[in-house]
Student: 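Provided herewith is a single structure, encoded as structure tokens, for subsequent inquiry.
Just so we're on the same page: letters track the sequence lines, and every chain starts at 1.
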There are 2 protein chains.
Amino acid sequence: MPRVVCPRCEKAETVQKSGIVRKKQRFYCKDCNYHFTIYHESIKSRKKQKPNSGGQTSLLDIAKAVGVSVSTVSRALNNHPDISEKTKVAIKSIAKELAYEPNALAQSLVTRSTHTLGVIIPNLHTTFFATMLSGIQHVSSQAGYRVVICQSDDLHQTEVANVQALMNNMIDGLLFCHSLETSTFDHIKIQLRRGIPIVQFYRVSLEVETPCVFCEDENGAIQVTEHLIEMGCRRIGILLGPPHLMISKKRLEGYYKALNKFKIPLDPKLVANVDFSTKSVHSSVDNWLHLDVPVDAVFSISDKSAVQTIQYLKKLHIKVPDTVCVAGFGNEYTGEIIEPQLTTFDVRTGLIGEKTAKLLLNRIIDQNSTSENVTVKGHLIVRDSSKRVQHL
Amino acid sequence: MPRVVCPRCEKAETVQKSGIVRKKQRFYCKDCNYHFTIYHESIKSRKKQKPNSGGQTSLLDIAKAVGVSVSTVSRALNNHPDISEKTKVAIKSIAKELAYEPNALAQSLVTRSTHTLGVIIPNLHTTFFATMLSGIQHVSSQAGYRVVICQSDDLHQTEVANVQALMNNMIDGLLFCHSLETSTFDHIKIQLRRGIPIVQFYRVSLEVETPCVFCEDENGAIQVTEHLIEMGCRRIGILLGPPHLMISKKRLEGYYKALNKFKIPLDPKLVANVDFSTKSVHSSVDNWLHLDVPVDAVFSISDKSAVQTIQYLKKLHIKVPDTVCVAGFGNEYTGEIIEPQLTTFDVRTGLIGEKTAKLLLNRIIDQNSTSENVTVKGHLIVRDSSKRVQHL
DNA sequence: TTGTATGCGTTATCAC
DNA sequence: GTGATAACGCATACAA
């Protein structure tokens with residue numbers, strides 16, 4: 001004769017009834033001073049009491065309607081091969097009828113996969129980053145992944161806060177483009193240790209061991225600088241971002257290489273770091289114009305500042321490109337609108353986003369996929385802001 | 001002597017042991033032909049067997065470490081008043097030590113709130129919508145909500161697919177800006193019936209009963225048109241979007257009102273619907289220029305087309321604003337860069353996004369908050385593209 | 001082929 | 001003040 005065994009001490013002799021709790025028989029083990037109930041009783045009362053909790057159709061509703069078990073329904077809807085065609089058809093038909101939608105939360109809790117990616121990006125005001133995001137979103141949604149976004153507003157603190165906000169098991173992977181301010185990376189390293197796949201793009205740090213997606217920073221800078229040299233420029237000012245950024249470093253490197261190739265002397269006075277604000281751009285340009293040998297070209301590593309430069313030069317009645325050539329980097333839409341139109345290097349922002357998402361998705365889907373860094377090829381776009389007849 | 005009761009028939013006499021399954025005692029009710037096990041046994045073996053499943057610290061881990069129950073830990077971490085200070089401190093300290101992070105999935109499953117908003121927006125390539133999204137994201141994140149984005153790419157089918165993809169219980173509310181193509185709204189109505197809070201913004205449909213956030217469509221169009229009239233223009237071509245869009249209708253209405261006010265005859269030939277493509281804009285402008293009495297102004301309801309118009313007129317060597325004034329609507333960044341700079345109506349895209357998010361969040365947080373439509377005030381920005389000396 | 005039980009990690013309810 | 005456990009909705013190992 002089976003008896004109830006105390007779950008603590010495993011004995012049956014010491015167990016006695018101890019009243020009814022919520023309509024369930026409750027037991028008590030004298031030996032361990034331990035109260036407990038039996039599972040099945042509660043199952044039963046649950047099934048009887050629940051009409052329908054949240055209003056949504058659940059597997060249980062379908063199971064009851066069809067007259068099968070929840071697991072059968074689950075398997076049928078997932079096209080499990082074990083389930084007979086007949087049952088599948090019946091279940092799917094009822095599911096449709098009841099407008100069943102799986103509860104992704106419950107699924108995720110079980111499968112430990114949310115089909116959601118997080119993106120942290122400096123801002124969305126500019127087409128530049130927005131287009132990257134656009135690429136990310138398109139690729140992700142094609143692969144059946146949602147995209148959660150956060151803007152760091154180029155603030156380190158916000159970036160850190162964003163990471164934390166995203167990290168509550170709600171995302172399967174993270175895409176990262178650092179804020180201008182960010183120069184420490186513990187907030188990412190922590191998450192990396194937790195095992196979440198991360199890919200950095202555009203503004204990356206090699207200090208963090210993740211795959212990265214770059215644009216052609218150095219090569220692009222070489223192409224732009226060489227082009228300006230070929231246009232006859234010899235005093236090329238370069239407008240960089242904050243010095244700690246890798247894009248600043250690598251583009252400066254490219255600039256140097258091009259000058260060296262043409263044996264043009266380097267002049268530290270021609271290198272300026274700006275924070276991309278109008279004020280800082282104007283002041284750098286001012287400095288350059290007042291040098292003993294003033295600039296005959298400005299190469300800005302952002303189109304935004306290049307446009308600001310053109311506008312400023314025009315305001316000063318300095319002719320572009322005749323007196324000063326201007327070139328940007330990035331290929332934003334504004335470059336086509338400014339007059340003269342802007343020579344720039346198309347980094348292909350949309351493609352950067354797409355490649356980044358693909359890289360991350362590959363890592364997520366194919367755990368042991370080799371994930372190496374990717375460099376997105378760009379190309380030089382020569383427009384009027386640098387086209388000038390050579391002073392032979 | 002307590003005995004195991006069959007969960008089906010509630011009898012105890014018919015129950016007998018039926019072997020050990022996965023280390024648990026299994027029972028069998030002869031009467032119902034029903035096999036079952038007892039709950040507590042499995043609990044016990046679980047606790048012994050599981051080391052740690054996903055690697056993440058859970059409440060159970062903390063409970064074990066501190067020597068209290070899971071419920072106590074949960075309450076302590078939620079600052080429940082019942083828990084003693086001492087216990088709270090102990091639990092929180094261990095929680096920190098174990099780097100505990102609550103599993104938002106599990107929380108959401110129980111609380112039925114994901115703290116996530118979905119946004120469906122036509123695109124992200126243009127600053128226009130990206131800035132709205134930016135506003136939405138800022139407000140949401142301040143309120144502790146995540147934002148999931150989808151672009152419809154101005155395709156109705158994609159818009160519909162997006163809704164479905166977002167709707168798996170993963171979001172608490174939905175923000176909607178329709179695609180250009182969309183003119184049926186069943187996909188939203190279905191979701192509305194399910195009880196999910198929705199707010200439409202910018203491109204809205206009154207056919208769907210949700211709160212809406214508008215910009216000053218009619219009033220803005222009145223202001224722009226009046227301004228052009230005051231500049232001496234009498235033949236003002238208006239460049240609308242697809243005719244089914246409410247923004248087309250309302251802005252046309254404003255245009256008419258302004259003309260009427262100044263007793264300027266309406267000419268249907270001066271009203272054009274375009275799909276915002278370069279080609280369609282050029283062709284409309286061409287038509288207007290070849291009228292018997294050609295246009296002396298173009299009012300485009302999008303800045304993008306206004307810029308295209310200016311560029312085209314310049315290409316045709318038609319002077320802006322001397323021969324033809326141009327005005328846009330929206331205030332995109334490009335309007336400041338084009339030459340002459342574009343007169344436009346600032347609809348304040350960022351603010352539209354913010355107001356939209358606030359409206360939705362209010363509805364979510366405050367179930368019975370009255371949620372009425374909101375119109376975001378904008379203002380006319382007069383720039384060179386319309387400033388001309390009056391022909392008195 | 002189908003059903004049963006269990007677990008995912010949390011909150012809420014009730015008992016003590 | 002604390003503990004036990006049901007429940008959220010689903011997937012799945014195992015039993016039948």
Side-chain angles (χ1 to χ4, degrees), chain A residues 7 18-22 24 26 28 33-43 45-46 49-50 53-54 56-63 67-78 80-88 100-112 168-169, chain B residues 7 18-19 21-22 24 26 28 33-43 45-46 49-50 53-54 56-63 67-78 80-88 100-113 168-169:
Chain A
S18 79
I20 304 285
V21 175
R22 272 192 285 172
K24 280 161 291 175
R26 200 166 172 84
Y28 174 59
N33 183 28
Y34 184 56
H35 292 260
F36 60 97
T37 58
I38 292 190
Y39 183 54
H40 277 95
E41 295 202 343
S42 59
I43 291 260
S45 48
R46 176 205 335 175
Q49 286 159 5
K50 287 276 154 118
S53 53
Q56 292 273 342
T57 308
S58 74
L59 290 185
L60 184 60
D61 299 321
I62 301 177
V68 294
S69 74
V70 178
S71 36
T72 304
V73 177
S74 168
R75 282 183 282 230
L77 294 177
N78 290 327
H80 193 102
D82 279 359
I83 305 295
S84 71
E85 261 325 302
K86 197 177 134 203
T87 320
K88 272 188 197 168
Y100 170 74
E101 289 288 339
N103 183 323
L105 282 169
Q107 284 181 319
S108 297
L109 188 59
V110 172
T111 61
R112 301 181 162 283
N168 308 356
N169 299 65
Chain B
S18 80
V21 174
R22 270 193 284 172
K24 281 161 289 174
R26 200 166 172 85
Y28 175 58
N33 185 27
Y34 184 59
H35 292 260
F36 59 98
T37 57
I38 292 190
Y39 184 55
H40 277 95
E41 296 203 341
S42 61
I43 290 259
S45 49
R46 180 212 323 181
Q49 287 161 4
K50 289 276 156 113
S53 53
Q56 292 273 342
T57 308
S58 75
L59 289 184
L60 183 61
D61 298 322
I62 301 177
V68 295
S69 74
V70 177
S71 10
T72 305
V73 177
S74 169
R75 282 184 281 228
L77 293 177
N78 289 327
H80 192 104
D82 278 0
I83 305 295
S84 72
E85 261 326 299
K86 197 176 133 203
T87 319
K88 271 187 197 168
Y100 171 74
E101 289 287 341
N103 184 324
L105 283 170
Q107 285 180 320
S108 298
L109 187 59
V110 172
T111 62
R112 297 178 166 283
S113 131
N168 307 355
N169 298 67

Student: For the helix from C/dT1-D/dA16 to C/dC16-D/dG1, what is the angle between the axes at its two ends, each from 5 pairs, rounded to 10°?
Tutor: 50°
Student: Among all residues two or more places apart in sequence or in another chain, which pass the side chain to side chain contact (heavy atoms under 4.5 Å, CB included) test with A/Ala104?
Tutor: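 Checked A/Ala104 against side chain to side chain contact (heavy atoms under 4.5 Å, CB included); matches are A/Gln107, A/Arg146, B/Asn168, B/Met170.
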Student: So what does B/Ser84 touch, heavy atoms closer than 4.0 Å: a base, only the sugar-phosphate, or nothing?
Tutor: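 The answer is sugar-phosphate, as B/Ser84 gets under 4.0 Å only of primed atoms, P, OP1 or OP2.
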Student: Which part of the nucleic acid, if any, lies within reach of A/Asn103 when heavy atoms closer than 4.0 Å are counted: base, sugar-phosphate only, or nothing?
Tutor: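 Sugar-phosphate contact only - A/Asn103 comes under 4.0 Å of backbone atoms but never of a base.
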Student: Which is more 5' along DNA chain C, the nucleotide nearest A/Ser69 or the one nearest A/Val110? Just name the residue.
Tutor: A/Ser69
Student: Counting only side-chain heavy atoms from C-beta out, which of C/dT2, C/dT10, D/dG1 sits nearest to B/Tyr100?
Tutor: C/dT10
Student: Report the nucleotide, chosen from C/dT4, C/dT10, D/dA11, that has the shortest atom-to-atom distance to any side-chain atom of B/Ser58.
Tutor: C/dT10
Student: Tell me which nucleotide among D/dG9, C/dT11, C/dT10 gets nearest to the side chain of B/Ala106.
Tutor: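 Minimum distance to the B/Ala106 side chain belongs to C/dT10.
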Student: Nearest to the A/Ser71 side chain among C/dT4, C/dC8, C/dT11, which nucleotide is it?
Tutor: C/dT4
Student: Would you indicate what B/Thr87 reaches in the nucleic acid, counting non-hydrogen atoms under 4.0 angstrom: base, sugar-phosphate, or nothing?
Tutor: sugar-phosphate
Student: Identify which nucleotide among D/dG1, C/dT11, D/dG3 has an atom closest to any side-chain atom of B/Thr111, counting heavy atoms from C-beta outward.
Tutor: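 Nearest to the side-chain atoms of B/Thr111, counting from C-beta on, is C/dT11.
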Student: Toward the 5' end of DNA chain D, which comes first, A/Leu59 or B/His80, by nearest nucleotide?
Tutor: B/His80
Student: Would you classify A/Val70 as touching base, sugar-phosphate or nothing, given that sugar-phosphate means primed atoms plus P, OP1 and OP2, and contacts are heavy atoms under 4.0 Å?
Tutor: nothing
Student: Distance check: side-chain N/O of A/Arg112 vs OP1/OP2 of D/dA11, anything under 4.0 Å?
Tutor: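 Negative; the distance criterion is not met.
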